Amino acid sequence: MPLSTDQSSGPSASTYKRVMLKISGEALMGDQGFGLHPPTVQRIAEEVKSVHDMGVEICMVIGGGNIFRGLSGSAQGMERTTADYMGMLATVMNALAMQSALEELGVFTRVISAIPMDQVCEPYIRRRAVRHLEKKRVCIFAAGTGNPYFTTDTAATLRANEMSCEAIFKGTKVDGVYDKDPAKYDDAVRYDNVSYDDVLVKRLGVMDASAIALARDNNLPIIVFSLDEPGGFRGILAGKGTYTRVAG
Ligand code: UDP
């Protein structure tokens, strides 16, 4: 069921049963500018736990941009597919860091990789992942789609569809989608609701075009919210706070 359109109030329980949380790798690096910042990982794990405590089944995809991005590697002369595989491996490190932080908090998890690496985590088997969710384990999907030339936004959309998630929650530094960059323009205006087509045509930068098209073709709403707001993820799931809903 969609969130209430009244963004200032709403029920204290979640209207969602199963969701995908997508965060970029950079969300885990704190102010360091690179890599993993354990207190930040811990803080996000606490946000995830608070939603898990509501009884919501949670899938996660974490990017790898805090460690390596294929495009930056190829810009420096590296062969693109190799650089992309390095980016995918970076997401596995982030997934393991999140797994460790969540399990410290007593939340059971599985890291599930699109590239098999049996000694480290589980391979992706759709029915098995669904079963983990039913058993209330947080499923952290790693290694993107397993294919070069994609992003973890597309991986999150793909897995959200496969897991029958009701929405993708994209945690960012700002509380939604703006008509222009709010960090640069004081008069930037936030959308409460925006269509997939507007995101594509106006190049609003919510996610890359493949991810938006995949969400659109499967009617999967994308909720863009601020992950920097303490309690923000739980609040958004209860229909409170500010966010942008991208839908048809
Ligand atoms: N990547 C890829 N295929 C995928 C997902 C990711 O090749 O299905 C690579 C790509 O090089 C990308 C990197 O992994 O740059 C890290 O992912 P992303 O840039 O999406 O991370 P984020 O920006 O969310 O931190």
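All heavy atoms count here, side chains included; hydrogens, waters and symmetry mates do not. Read the numbers this way: they start at 1 and go in the same order the structure lists the ligands and their atoms. Predicted, not measured: the structure shown is a model, and the values here were computed from it.
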A.B. asks: Taking it one step at a time, do E104 and K49 satisfy salt bridge (charged side-chain N to carboxylate O under 4.0 Å, His left out)?
C.D. replies: CA-CA 11 Å; E104 274 293 307; K49 180 184 184 320; over 6 Å; no
A.B. asks: Evaluate the side-chain proximity of C59 to L133: yes if any heavy-atom separation is below 4.5 Å, no if none is.
C.D. replies: yes
A.B. asks: Any idea which atoms of ligand 1 are less than 4.0 Å away from a heavy-atom of P148?
C.D. replies: 7 (O)
A.B. asks: When you look for heavy atoms under 4.0 Å from ligand 1, do you find them on the side chain of N147, its backbone, both, or neither?
C.D. replies: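 It is the backbone that touches ligand 1; the side chain stays farther off.
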A.B. asks: Given the rule in the salt bridge (charged side-chain N to carboxylate O under 4.0 Å, His left out) test, do R43 and E46 qualify, once you have shown the distances and angles that lead to the verdict?
C.D. replies: CA-CA 5 Å; R43 185 184 66 74; E46 281 163 13; over 6 Å; no
A.B. asks: Less than 4.5 Å apart, side chain to side chain, heavy atoms only: is that true for D31 and H37?
C.D. replies: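 A side-chain contact under 4.5 Å is absent here.
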A.B. asks: Run the side-chain donor-acceptor check on residues 210-225: report pairs under 3.5 Å with partners two or more places apart or on a different chain.
C.D. replies:
unit_1	atom_1	unit_2	atom_2	d
S210	OG	D208	OD1	3.4
R216	NH1	D197	OD1	2.9
N218	ND2	L214	O	2.8

A.B. asks: Is there at least one pair of N or O atoms, one from G25 and one from ligand 1, spaced under 3.5 Å apart?
C.D. replies: yes
A.B. asks: With a cutoff of under 4.5 Å between side-chain heavy atoms, which Ile, Leu, Val, Met, Phe, Trp and Tyr residues group with V189?
C.D. replies: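 Its cluster partners, ordered by chain and number, are none at all.
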A.B. asks: Within a distance under 4.0 Å of any heavy atom of S24, pick out the atoms of ligand 1 and give their elements.
C.D. replies: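 The atoms of ligand 1 under 4.0 Å from a heavy atom of S24 are 24 (O), 25 (O).
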A.B. asks: What protein heavy atom is closest to atom 15 (O) of ligand 1, reported as residue, atom name and distance in Å?
C.D. replies: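 Ranking protein heavy atoms by distance from atom 15 (O) of ligand 1, first comes G70 N, 3.1 Å.
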A.B. asks: Between Y16 and F169, is the ring centroid distance below 6.0 Å?
C.D. replies: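 They qualify: ring centres under 6.0 Å apart.
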A.B. asks: For atom 5 (C) of ligand 1, what is the closest protein heavy atom, and at what distance to 0.1 Å?
C.D. replies: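 For atom 5 (C) of ligand 1, the nearest protein heavy atom is T151 C, 3.4 Å.
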A.B. asks: Are the side chains of E47 and R234 in contact, using a 4.5 Å heavy-atom criterion?
C.D. replies: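 Answer no - side chains too far apart.
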A.B. asks: Identify the protein heavy atom lying closest to atom 11 (O) of ligand 1, giving its residue, its atom name and the separation to 0.1 Å.
C.D. replies: D84 OD1, 2.5 Å
A.B. asks: If you count the atoms of ligand 1 from 1 in the order shown, which ones are under 4.0 Å from a heavy atom of R69?
C.D. replies: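 By the 4.0 Å cutoff, the relevant atoms are 15 (O), 19 (O), 22 (P), 23 (O), 25 (O).
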A.B. asks: Search all heavy atoms of A142 against all heavy atoms of T91 and return the closest pair with its distance.
C.D. replies: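 Nearest heavy atoms, A142 then T91: C-OG1, 3.9 Å.
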A.B. asks: D153 versus K170: any side-chain heavy-atom pair under 4.5 Å?
C.D. replies: yes
A.B. asks: What atoms of ligand 1 come within less than 4.0 Å of a heavy atom belonging to T145?
C.D. replies: 4 (C), 8 (O)
A.B. asks: Using a 4.0 Å heavy-atom cut-off, say whether K22 meets ligand 1 through its side chain, its backbone, both or neither.
C.D. replies: side chain
A.B. asks: Show the atoms of ligand 1 that are less than 4.0 angstrom away from any heavy atom in G144.
C.D. replies: 4 (C), 5 (C), 8 (O)
A.B. asks: Give the residue and atom name of whichever protein heavy atom lies nearest to atom 17 (O) of ligand 1, and the separation in Å to one decimal.
C.D. replies: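 Of every protein heavy atom, T152 CG2, 3.6 Å lies nearest to atom 17 (O) of ligand 1.
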A.B. asks: Stepwise, does the salt bridge (charged side-chain N to carboxylate O under 4.0 Å, His left out) test hold for R126 with E162?
C.D. replies: CA-CA 7 Å; R126 193 188 74 83; E162 290 181 281; 5.6 Å; no
A.B. asks: Could you check atom 21 (O) of ligand 1 against the protein and tell me its nearest heavy-atom contact, residue, atom and distance included?
C.D. replies: G64 N, 3.0 Å
A.B. asks: Any nitrogen or oxygen of N66, side chain or backbone, less than 3.5 Å from one on ligand 1?
C.D. replies: no
A.B. asks: Just to confirm my output: which protein heavy-atom neighbour is closest to atom 1 (N) of ligand 1, and how far is it?
C.D. replies: F150 O, 3.3 Å
A.B. asks: When you measure from atom 13 (C) of ligand 1 to every protein heavy atom, which one gives the shortest distance, and what is it?
C.D. replies: G87 CA, 3.6 Å
A.B. asks: Using a strict 4.0 Å cut-off to heavy atoms of G65, name the atoms of ligand 1 that fall inside it.
C.D. replies: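 Every atom of ligand 1 under 4.0 Å from some heavy atom of G65: 21 (O), 22 (P), 25 (O).
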